[in-house]
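Structure first, commentary second.
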2 protein chains.
Amino acid sequence: MLAAERREHLLDLLAREGKIVAKDVAAELGISEDSVRRDLRDLASEGLCQRVYGGALPVSPAVANYRARQSVAPDGKRKVAAVAAGLVRPGGALILDGGTTALAVVHALPRDLPCTVITHSPTIAAALIDHASAEIYLLGGRIFKHSAVACGAAAVEAAQNVSADLCFLGVTGVHPDAGLTTGDAEEAAMKRALAARAADTYVLASSEKIGTASRFRVLPWEEISGLITDADPHDPVIEELAGRGVEVLRAR
Amino acid sequence: MLAAERREHLLDLLAREGKIVAKDVAAELGISEDSVRRDLRDLASEGLCQRVYGGALPVSPAVANYRARQSVAPDGKRKVAAVAAGLVRPGGALILDGGTTALAVVHALPRDLPCTVITHSPTIAAALIDHASAEIYLLGGRIFKHSAVACGAAAVEAAQNVSADLCFLGVTGVHPDAGLTTGDAEEAAMKRALAARAADTYVLASSEKIGTASRFRVLPWEEISGLITDADPHDPVIEELAGRGVEVLRAR
DNA sequence: ACGATACATGCAGAAACGTGCAAGAACAGG
DNA sequence: CCTGTTCTTGCACGTTTCTGCATGTATCGT
């Protein structure tokens with residue numbers, strides 16, 4: 001069994017059973033407890049699990065997904081969100097993806113801006129309740145825990161019934177060759193469905209996403225109107241994208 | 001059972017039931033009371049619970065941190081929610097209305113209960129993200145700011161595609177003659193649509209709702225399976241309801 | 001005031017842990 | 001193909017942590 005394979009197994013186990021007992025796993029896989037402990041130590045140092053006496057527990061979703069992800073680059077996300085919010089015209093309709101960057105866009109929107117926001121994220125919808133003059137339209141469906149948004153057939157179908165001027169998409173990878181990518185196939189399909197319903201689609205990508213790629217392609221470059229990022233315009237990846245005709249809006 | 005897991009369990013128990021009896025927990029988990037006491041002592045030293053003779057109580061709301069804040073729902077609502085949560089069977093499907101009482105039900109649900117929750121409230125959906133083994137299905141539509149839930153034609157239509165074992169409805173008025181009432185016509189229609197999709201519908205009404213009526217009728221008494229309330233069973237309104245054949249589940 | 005119960009403390013055995021070390025596998029360079 | 005290096009893995013050893021029990025004390029209800 002490969003080491004990487006073993007780590008996958010541990011994470012899978014953690015997700016399915018909610019805990020890992022080092023002793024049990026060692027017996028199950030026929031390896032020493034020392035190796036399991038080493039793996040768990042590594043995973044914990046990457047913030048992928050919480051090490052406890054006897055094994056490991058998942059990082060608490062509330063704290064990990066929200067706090068940790070938010071502290072990755074709060075400043076970058078805020079800047080990107082501010083530029084995005086500036087593109088929204090009074091009375092316009094906006095499709096908003098899920099994720100912390102999209103949440104930052106909500107916070108960046110003027111509280112009294114009259115507009116329609118369409119989203120498949122309950123978190124985004126809940127955050128918008130405070131915006132008195134924003135009309136909110138929620139796309140329903142099965143909620144994918146990983147990113148806390150509605151995905152799947154029902155959600156895609158619901159998206160077919162709406163149209164908007166703008167769509168803001170978050171992605172996990174922005175790469176010249178791989179294009180826009182994300183870590184889940186269902187999510188990728190949902191993002192495509194959303195983008196297809198808006199006249200203009202902008203991708204929100206704070207600098208740490210630039211130059212990276214995830215497993216599933218969301219869209220090719222031709223299908224988006226622009227990229228909003230706080231990355232240095234002289235970054236080689238950004239320059240290559242600009243060379244390919246992608247409009248880059250710089251957040252600063 | 002991992003030591004850290006045990007601590008999680010204690011905090012969960014504290015949030016759900018509002019108290020911990022060391023002896024009971026020791027018996028339930030099959031460990032010595034000494035260990036439970038040690039855990040409670042540690043939790044208390046971190047400000048996560050308040051140690052009392054015989055067990056522990058949640059920290060007072062004023063100094064409650066994130067975790068304990070989940071238990072600050074008014075006492076009546078928490079009691080009602082606890083009874084409601086007890087009706088949910090593992091593997092069952094539940095339709096959950098919006099509102100603070102429904103939110104209390106989410107907090108009262110064991111974190112590891114496998115079940116399907118269908119809701120039209122983005123707030124409820126967001127709160128359920130932490131429940132690892134709960135499948136969440138979100139009903140989309142236009143969000144009504146007043147109560148922060150999806151209502152209207154699209155939401156009602158989305159509701160037609162689901163079925164569940166149970167439905168928990170919140171209302172603003174419970175009156176022997178007026179029946180179950182709420183303040184908005186669209187909301188009332190939505191609640192009817194939800195109730196129609198479940199085998200059993202229970203109404204959640206903390207005591208301050210008893211005997212009051214709002215403008216719009218939700219359902220007549222005949223169409224609900226029961227009423228869950230913390231009101232005194234000798235309350236004349238409750239007695240009259242019982243006389244009319246309404247099953248009253250008392251929360252205490 | 002008194003018995004019952006809960007508690008803190010100390011202790012001992014067991015389990016888990018970290019570290020250093022050596023054997024073996026994987027790999028790069030010659 | 002050989003060799004040196006690096007990485008992984010399991011084992012041994014000393015240390016830390018956990019847990020239940022025993023003991024004496026504090027607290028509660030009657």
Side-chain angles (χ1 to χ4, degrees), chain A residues 1-60 63-64 68 212-213 215, chain B residues 1-60 63-65 67-68 71 75 79 82 110-112 132 252:
Chain A
M1 163 164 285
L2 270 39
E5 200 181 346
R6 213 173 46 216
R7 286 181 33 142
E8 284 296 318
H9 179 80
L10 287 173
L11 288 175
D12 183 46
L13 210 59
L14 201 57
R16 276 190 293 117
E17 315 209 338
K19 72 167 177 176
I20 284 178
V21 179
K23 192 179 179 178
D24 296 354
V25 179
E28 179 196 347
L29 301 184
I31 57 179
S32 76
E33 294 181 38
D34 299 72
S35 293
V36 177
R37 272 198 281 271
R38 265 188 272 254
D39 286 339
L40 291 181
R41 211 184 305 165
D42 292 346
L43 290 176
S45 75
E46 295 173 39
L48 266 31
C49 73
Q50 187 192 342
R51 194 72 176 78
V52 299
Y53 196 91
L57 293 175
V59 281
S60 151
V63 181
T212 69
R215 186 170 299 276
Chain B
M1 162 164 283
L2 269 36
E5 197 183 352
R6 211 174 47 216
R7 287 181 32 144
E8 287 291 321
H9 179 81
L10 288 172
L11 287 174
D12 186 39
L13 211 58
L14 201 58
R16 277 191 292 120
E17 313 204 341
K19 70 169 179 178
I20 284 178
V21 179
K23 191 178 181 179
D24 296 353
V25 179
E28 179 196 346
L29 301 183
I31 56 178
S32 74
E33 294 180 39
D34 298 74
S35 292
V36 177
R37 273 198 280 272
R38 263 189 273 254
D39 286 340
L40 292 180
R41 211 186 305 164
D42 293 347
L43 291 176
S45 75
E46 295 174 39
L48 265 33
C49 74
Q50 189 193 339
R51 195 74 175 78
V52 298
Y53 197 89
L57 293 174
V59 288
S60 83
V63 292
N65 59 9
R67 170 151 250 136
S71 63
D75 205 42
K79 289 177 185 168
R111 296 285 282 266
D112 53 354
R252 66 172 80 204

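Reckoned from all heavy atoms, side chains included, excluding hydrogens, waters and symmetry mates. Chain letters run A, B, ... following the sequence lines, proteins first, then strands; residues in each count from 1.
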Measuring from atom CD of Gln50(A) to atom NZ of Lys19(A), what distance do you get when rounded to the nearest 0.5 angstrom? 14.5 Å
Could you tell me whether Val52(A) contacts a base, only the sugar-phosphate backbone, or nothing, with contacts defined as non-hydrogen atoms closer than 4.0 Å? sugar-phosphate
Provide, to the nearest angstrom, the distance between the CE atom belonging to Met1(B) and the P atom belonging to dA16(C). 15 Å
Review item, nucleotides 6-8 of chain D N/O atoms under 3.5 Å of protein N/O:
none

Given dC17(C), dG20(D), dT27(D), identify the nucleotide with an atom nearest to the side chain of Tyr53(A). dC17(C)
State the CG-CD1 distance between Leu43(A) and Ile20(A), to the nearest 0.5 angstrom. 7.5 Å
Counting any heavy atom closer than 4.0 Å, what does Val21(A) reach on the DNA or RNA strands: base, sugar-phosphate only, or nothing? nothing
Shortest non-hydrogen contact between Leu14(A) and Cys49(A), atoms and distance: CD2-CB, 3.5 Å
Looking at Glu46(B) and Arg7(B), does any basic side-chain N land under 4.0 Å from a carboxylate oxygen? yes
Whole Å only: how far is the CG atom of Leu40(A) from the P atom of dT9(D)? 13 Å
Would you say that more than 12 heavy atoms from the other residues, nucleotides or ligands in this model lie under 6.0 Å from the CD of Glu28(B), or not? yes
Once you round to the nearest 0.5 Å, how far does NE2 of His9(B) lie from CG of Asp112(B)? 9.0 Å
Distance in angstrom units between Asp39(B) CG and dT17(D) P, rounded: 16 Å
Quick one: closest heavy-atom pair of Glu5(B) and Leu57(A), and the distance? N-CD1, 4.0 Å
Measuring from the side chain of Ser35(B) (C-beta onward, heavy atoms only), which nucleotide among dC7(C), dT19(D), dA6(C) has the closest atom? dT19(D)
Below the 4.0 Å mark, does dG18(C) have OP1 or OP2 next to a side-chain nitrogen or oxygen of Arg38(A)? no
Rounded interatomic separation in angstrom, taking CG from Asp42(B) and P from dT17(D): 12 Å
Of the options Leu40(B), Asp34(B), Asp39(B), which is the one that meets Val36(B) in a side-chain contact (heavy atoms from CB on, under 4.5 Å)? Leu40(B)
Report the distance from atom CG of Asp24(B) to atom C1' of dT5(C), rounded to the nearest whole Å. 14 Å
Interatomic distance, Glu33(A) CD vs dA15(C) C1' [rounded to whole Å]: 9 Å
Under a cut-off of 3.5 Å for both distances of each Watson-Crick or G-U pair, what dot-bracket string does DNA chain C give, using [ ] for crossing pairs and | for inter-strand pairs? ||||||||||||||||||||||||||||||
Round to the nearest Å and state the distance from Arg37(B) atom CZ to dG20(D) atom C1'. 12 Å
Would you compute the distance between atom CZ of Arg51(A) and atom OG of Ser45(A) and round it to the nearest 0.5 angstrom? 11.5 Å
How close or far is atom C1' of dC11(C) from atom CG of Asp34(B), stated in whole angstroms? 13 Å
